[in-house]
Asker: 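I'd like to ask you about the structure that follows.
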Amino acid sequence: MKLATWNVNSVRARLPRVTAWLESARPDVVCLQETKVEDADFPHEAFTALGYTCTVFGQRTYNGVAIVSRQPVVDVTTGFGDGDADAEARFICATVAGIRVASLYVPNGKVVGDPKFEYKLRWLSRLQTWLERNATPDVELALCGDYNIAPDDRDVYDPDGWRDQVLCHPSERAAFGRLIDWGLQDVYRRFHQEGGLYSWWDYRQLGFPKNRGLRIDHLLCTRKLADRAQRASVDREARKGKEPSDHAPVIVEFV
DNA sequence: ATGGTTGCTTAGCAA
């Protein structure tokens, strides 16, 4: 069971890259973020042609998440269902092969102190509440997505330059820590303790060639599921070449 | 040095 997460930065602009990657990597499930398309316009045909079905929660221009799967998907929910009037499409959850899988796109936050940063912290708090109300640590659950959080300094190419900045601020790292404390495991980190391993590189100033990146895309799994993990990787090849996303896929393989 | 790159939508925002 090969499970991946990938912020594609527009599924329509990235479609040739995404389909080529599905053909070469052949994951069972991929959680996509920043699809940037309304559900009615999602390019389902390109995926069905490869044997995948897409379960989508999108919106025009911004955000948008999807679960792309080779196996049937059931029990789909979108948003947190917490009564908040939030209209941003950032969370979808479904069951695939007996595993509860979520694709999530945490707000970027823009800059510490900005209202968007407060929204990010609120959103993370709502995610925590969703988790406490809708799951227990003894089920097989994977929260996959672009967290827009580098959990610690090993996940940052220039920790001092990023100190207390958005994506690295102690308040968002604490929110990430609460997910871990609840009973989720950062499975990629379990397999790779060293620094310098990233999932996102800025398009600007040769970020990727210089490996000036951050590890902000994560698959957080309950212990019961994490115990089945065999390996984890970042597919840096998908960040190379013509018109890439600024993120690379992160992959975990389970028995 | 307050830049730089990309996508969506078409000049400005978000990342």
Side-chain angles (χ1 to χ4, degrees), chain A residues 5-21 30-43 46 54 56-66 68 86-92 103-124 127 144-151 155-158 160-169 171-173 175-176 198-218 234-250:
Chain A
T5 186
W6 192 11
N7 180 326
V8 291
N9 186 17
S10 171
V11 71
R12 288 181 292 186
R14 213 65 57 210
L15 198 53
R17 301 277 314 219
V18 172
T19 53
W21 185 78
V30 190
C31 296
L32 302 181
Q33 300 85 38
E34 283 207 87
T35 54
K36 297 188 175 181
V37 63
E38 291 178 297
D39 293 350
D41 297 324
F42 193 96
C54 300
V56 300
F57 181 44
Q59 68 179 92
R60 173 190 149 100
T61 311
Y62 304 118
N63 310 317
V65 287
V68 178
D86 190 357
E88 300 195 3
R90 296 180 177 275
F91 186 84
I92 186 168
S103 179
L104 63 89
Y105 177 45
V106 177
N108 170 283
K110 189 171 181 177
V111 63
V112 175
D114 190 278
K116 289 182 190 303
F117 189 73
E118 298 308 314
Y119 173 68
K120 179 182 197 173
L121 296 180
R122 253 194 341 271
W123 197 93
L124 287 164
L127 173 62
C144 314
D146 178 358
Y147 282 74
N148 271 313
I149 299 170
D155 303 312
V156 185
Y157 70 88
D158 176 15
D160 290 328
W162 281 86
R163 184 88 50 220
D164 295 341
Q165 303 296 306
V166 71
L167 312 187
C168 300
H169 192 270
S171 58
E172 47 194 312
R173 284 179 167 175
F176 189 88
Y198 310 128
S199 65
W200 169 83
W201 301 259
D202 201 303
Y203 281 127
R204 297 167 289 188
Q205 298 177 312
L206 301 173
F208 184 69
K210 294 179 175 178
N211 198 29
R212 297 168 66 85
L214 279 74
R215 193 177 70 93
I216 57 176
D217 300 271
H218 311 291
V234 173
D235 189 352
R236 293 175 52 96
E237 296 302 313
R239 182 62 176 77
K240 299 176 181 174
K242 192 169 182 285
E243 297 182 347
S245 169
D246 45 354
H247 296 250
V250 183

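To find a chain, count down the sequence lines: A is the first, B the second, and so on, and within it residues start at 1.
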Asker: For a quick test of reading the model, state the closest non-hydrogen atom pair linking Val234(A) to Tyr198(A) and the distance between them.
Answerer: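 Looks like CG1-O, 3.4 Å.
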Asker: Write down the protein N/O and nucleotide N/O pairs, taken from nucleotides 2-4 of chain B, whose separation is under 3.5 Å; answer none if there are no such pairs.
Answerer:
none

Asker: What pair of heavy atoms forms the shortest contact from His218(A) to Ile149(A), and how long is it?
Answerer: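 Closest approach of His218(A) to Ile149(A), heavy atoms only: NE2-O, 2.9 Å.
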Asker: In whole angstrom, what separates Arg239(A)'s CZ from dT5(B)'s P?
Answerer: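 Checked: the CZ to P distance equals 13 Å.
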Asker: Let me know the distance between CG of Asn7(A) and P of dA14(B), rounded to the nearest Å.
Answerer: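 Spelled out: CG on Asn7(A) to P on dA14(B) is 17 Å.
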Asker: Show me the protein contacts with nucleotides 7-11 of chain B, counting only N or O atoms at under 3.5 Å.
Answerer:
from: dG7(B); atom 1: OP1; to: Arg14(A); atom 2: NH1; distance (Å): 3.1
from: dG7(B); atom 1: OP1; to: Arg14(A); atom 2: NH2; distance (Å): 3.3
from: dG7(B); atom 1: O3'; to: Ser10(A); atom 2: OG; distance (Å): 3.4
from: dC8(B); atom 1: OP1; to: Ser10(A); atom 2: OG; distance (Å): 2.2
from: dT9(B); atom 1: OP1; to: Thr61(A); atom 2: OG1; distance (Å): 2.8

Asker: What are the two closest non-hydrogen atoms of Val166(A) and Glu172(A), and how far apart are they?
Answerer: CA-OE2, 3.5 Å
Asker: Could you tell me the separation between the CH2 atom of Trp200(A) and the C1' atom of dT5(B), rounded to a whole number of Å?
Answerer: 11 Å
Asker: Tell me: NZ of Lys110(A) to C1' of dA14(B), nearest whole Å?
Answerer: 8 Å
Asker: Going through the distances and angles, do Asp114(A) and Lys116(A) end up as a salt bridge (charged side-chain N to carboxylate O under 4.0 Å, His left out)?
Answerer: CA-CA 5 Å; Asp114(A) 190 278; Lys116(A) 289 182 190 303; 5.6 Å; no
Asker: State, to 0.1 Å, how close Ala150(A) and Val156(A) come at their nearest heavy-atom pair, and which atoms those are.
Answerer: CB-CG2, 3.6 Å
Asker: Any idea how Trp201(A) and Phe208(A) line up, ring-wise: parallel (<30°), tilted (30 to 60°), or perpendicular (>60°)?
Answerer: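 Plane angle over 60°, so perpendicular.
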Asker: Using atom CZ of Arg90(A) as one end and atom C1' of dA14(B) as the other, report the distance to the nearest whole Å.
Answerer: 10 Å
Asker: Specify the separation, in whole Å, of atom CZ of Arg212(A) and atom C1' of dT5(B).
Answerer: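 Computing the Arg212(A):CZ to dT5(B):C1' distance gives 15 Å.
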Asker: I need the CZ-C1' distance between Phe208(A) and dT5(B), as an integer number of Å.
Answerer: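 Computing the Phe208(A):CZ to dT5(B):C1' distance gives 16 Å.
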Asker: Determine the Euclidean distance between corresponding C1' atoms of dA15(B) and dT9(B); express it in Å to zero decimal places.
Answerer: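 Here dT9(B) and dA15(B) have their C1' atoms 16 Å from each other.
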Asker: Is there side-chain contact between Ser199(A) and Thr5(A), with at least one heavy-atom pair below 4.5 Å?
Answerer: no
Asker: Got Asp217(A) and Asn7(A) here, is their nearest side-chain heavy-atom distance under 4.5 Å?
Answerer: yes
Asker: Considering only atom C1', compute the distance from dA1(B) to dA11(B) and round it to an integer number of Å.
Answerer: 25 Å
Asker: Do the side chains of Tyr147(A) and Ile216(A) get nearer than 4.5 Å, heavy atoms only?
Answerer: no
Asker: Roughly how many Å is it from CG in Asn63(A) to P in dA15(B), rounded to a whole number?
Answerer: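 Rounded to the whole Å, the gap is 7 Å.
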Asker: Closest-nucleotide mapping onto DNA chain B: is Gly109(A) or Asp202(A) further toward the 5' terminus? I mean the 5' end.
Answerer: Asp202(A)
